[in-house]
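This report refers to the structure that appears directly beneath it.
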Amino acid sequence: MKITPEKVQELAALSRLRFEGEAAEKMRQDLENILEMCEKLNEVNTDDVEPLIYMTDRVNNLRDDKVTQEISHEEALKNAPKKDSDFFRVPKVIGQTD
Amino acid sequence: MSTEFEAVIGLEIHIQLLTESKAFSSDSTAYGQMPNTQVSAVSLGHPGTLPKHNRHAVELAMKMGLALQCGITRINRYARKNYFYADLPKGYQITQFDTPLCTGGFVSIKPKSGEPKQVRLIRIHMEEDTGKSMHDQDLEDSLIDYNRAGTPLIEVVTEPDIRTGEEAYAFVTEIRRLVRYLDICDGNMEEGSLRCDANISIRPKGTSAFGTKVEVKNMNSISNVKRAIDFEIKRQTEVLQNGGVVIGETRGFNGLNGSTFSMRRKELVNDYRYFPEPDLPPLTLTDKDIEAVKHSMPELPEALFNRFHQELGLSEYDAAVLTDDKTTAMYFNHLIQCTSNYKAAANWVNVAIKGYLNENAVGMESFPLQPEKIADIISVIDQNIVSHSAAAQHLFPAMIANPHATAVELIEKLNLAQDADTDTIENLIAEVLSRFPEKVQEYKNGKTGLLGLFVGEVMKASKGKADPRKTNEQVRKMLDA
């Protein structure tokens, strides 16, 4: 499968990554190689095979609606690169929410 | 040349489910707590953690689907919706993609103007809420509070069946009434527990192709949903009439001036790269599970309306007012267990009680009298112990002031007993007639409409204690004598 330079930029935007110049071309080739390798799988006939999503046959892993607070406010914020006493702080981003 | 346009509107309604704990972890869902105090390793999206679905959230979601006549999906898979945003710590939202819990179904609406109609639903699926970002508290940073992250939601998606802001208003009102009846959400749009996005496009009337759609967000009340849609229809119509093109975009709503504003273009189709969530095994539902939820559901407003209207013989208007909110409907339902005078019961609730609530600006849940007490009042009127007007003007307020006293006790205390003594009434009538000799003459000359005036004066003189029907008879008898 062909990967166009535009596709690389589209995927980069979705992943919040940036590739330019040679790096973009290298990424494009890598992606193409990966997909080519995966295309090998198309040689197998999977007409009557259900897609495998789960590794077990287990269903309905449900819990009761009980509140237990497992971590403290301080523990919650502990690993944040930037924080104050109340909030996680992130670089300002407006207009990209969904 | 002026083309006539019609709007094509579909709504997406997010409903926070009233569970104690989150959808996939055990931290609390309570609103208004200190930031980042109701979080867990799961809701913060730490690696290596595993979600586990809240059974109660599934039950509440099924209630909504069953109430709206949806089909319930037996084998449910969860999916990951991938996008990067700071209030979504995992980088994906757990939702349902190809197997929504509920499919089809409809909502019957009665817009204020226009015809009643059914708005069809595409689906209702289960998902989780995000955290909250605050952009205007700090110059450099956005502040993130994850207390809301992982709160269970359902999203109701309609077919594009809505044509006007008025219909959208009626639709969201009906959804809010239903979630409150079902007790699955508090329906509070200001606090965001019920949220509505609208997809709006317009097209020349009579055509069937869809125009370019615009999504409007941030409408935090039902009347704002209507205002935003009305504004957007007018804006898009003007764009087209001036030879322009409508741009596909997401717009926000400014409640201060009722306008919408561009938030971002939808040039790149959002690519959420949905795929099955491998951390959650499928959810399978049996007929028995569905029956169990059905049995736990309360009587819905439409059923109550039909019962009040058809079985109890109340007017459509009375039945509609009584079923408008659940507390009132349940109060009335209790009241009719205590009295068989259904019409009087409806009147007391819709007139006297509603009046009291309006005057005091409180809701039905704050009304101090038990339904038994209202039945007590109805009973003393039906036994002619007290006149209706004396009951409404004096007994009812006295009961509210003394919620534990009985009607008979207060009638005695306030000397409200109806004066059935014919002599007393005759004396009062004679007195009134002597005060209005000219009117009496006019009456005798054929102006019989004056009867009401005399009866009114007698009632006044008796301080409301005279029985109006008897007074009426007696006044006529004495005038005709």
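Convention: sequence-line order gives letters A, B, ...; per-chain numbering from 1. Values below: every heavy atom of this structure, side chains too, minus hydrogens, waters and symmetry copies.
- Only the backbone of Glu277(B) has a heavy atom closer than 4.5 Å to any heavy atom of chain A.
- What you find for Val67(A) and Asp27(B) is that their closest heavy atoms are CG1-C, 4.5 Å.
- Judged by distance alone, with hydrogens and angles left aside, the side-chain atoms of Gln69(A) form no donor-acceptor pair with the main-chain N or O of Ser40(B) at under 3.5 Å.
- Rounded to the nearest 0.5 angstrom, Arg89(A) CZ and Gln137(B) CD are separated by 9.5 Å.
- Atom NZ of Lys82(A) is separated from atom CD1 of Ile144(B) by 12.0 Å, given to the nearest 0.5 angstrom.
- Chain A forms the most heavy-atom pairs under 4.5 Å with one residue out of Ser25(B), Ser133(B), Gly131(B), Ala30(B), and that residue is Ser25(B).
- Of all non-hydrogen atoms in Ala76(A) and Val39(B), the two that sit nearest each other are CB-CG2, 3.4 Å.
- Neither the backbone nor the side chain of Lys83(A) comes within contact range of chain B; no heavy atoms are under 4.5 Å apart.
- Separating the NZ atom in Lys66(A) from the OG atom in Ser26(B) is a distance of 11.5 Å, to the nearest 0.5 Å.
- Only the backbone of Ala41(B) comes within less than 4.5 Å of a heavy atom of chain A; no side-chain atom from C-beta onward does.
- For Glu59(B), the side chain to side chain contact (heavy atoms under 4.5 Å, CB included) partners are Arg55(B), His56(B), Val293(B), not counting sequence neighbours.
- Taking CG of Asp84(A) as the reference point, atom CG of Leu143(B) lies at 6.0 Å (rounded to 0.5 Å).
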For residues 44-53 of chain B, tabulate all N or O donor-acceptor pairs below 3.5 Å that involve a side-chain atom, not counting sequence neighbours.
{"residue": "Thr49(B)", "atom": "OG1", "partner": "His46(B)", "partner atom": "O", "Å": "2.8"}
{"residue": "His53(B)", "atom": "ND1", "partner": "Tyr78(B)", "partner atom": "OH", "Å": "2.5"}

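- Proximity of Phe87(A) to Met134(B): side-chain heavy atoms (C-beta onward) are separated by under 4.5 Å at one or more points.
- Contact of Phe24(B) with chain A is made through the backbone alone, with heavy-atom distances under 4.5 Å.
- For Phe97(B), the ring pair (Phe, Tyr, Trp, His ring centres under 6.0 Å) test picks out Tyr274(B), with sequence neighbours left out.
- Of the atoms belonging to Asp138(B), heavy atoms from both backbone and side chain fall under 4.5 Å from chain A.
- Taking 4.5 Å as the heavy-atom cut-off, the residues of residues 27-65 of chain A that approach chain B are Ile53(A), Tyr54(A), Arg58(A), Val59(A), Asn60(A), Asn61(A), Leu62(A), Arg63(A), Asp64(A), Asp65(A), ordered by number.
- Listed options Leu88(B), Leu139(B), Thr29(B), Leu285(B) were ranked by heavy-atom pairs under 4.5 angstrom with chain A; first place goes to Leu139(B).
- In this structure a side-chain-to-backbone donor-acceptor pair under 3.5 Å is missing from Asn36(B) to His73(A).
- Contact annotation for Arg77(B): both backbone and side-chain heavy atoms come within less than 4.5 Å of a heavy atom of chain A.
- Environment of CE in Met34(B): sparse, with no more than 12 heavy atoms of neighbouring residues, nucleotides or ligands closer than 6.0 Å.
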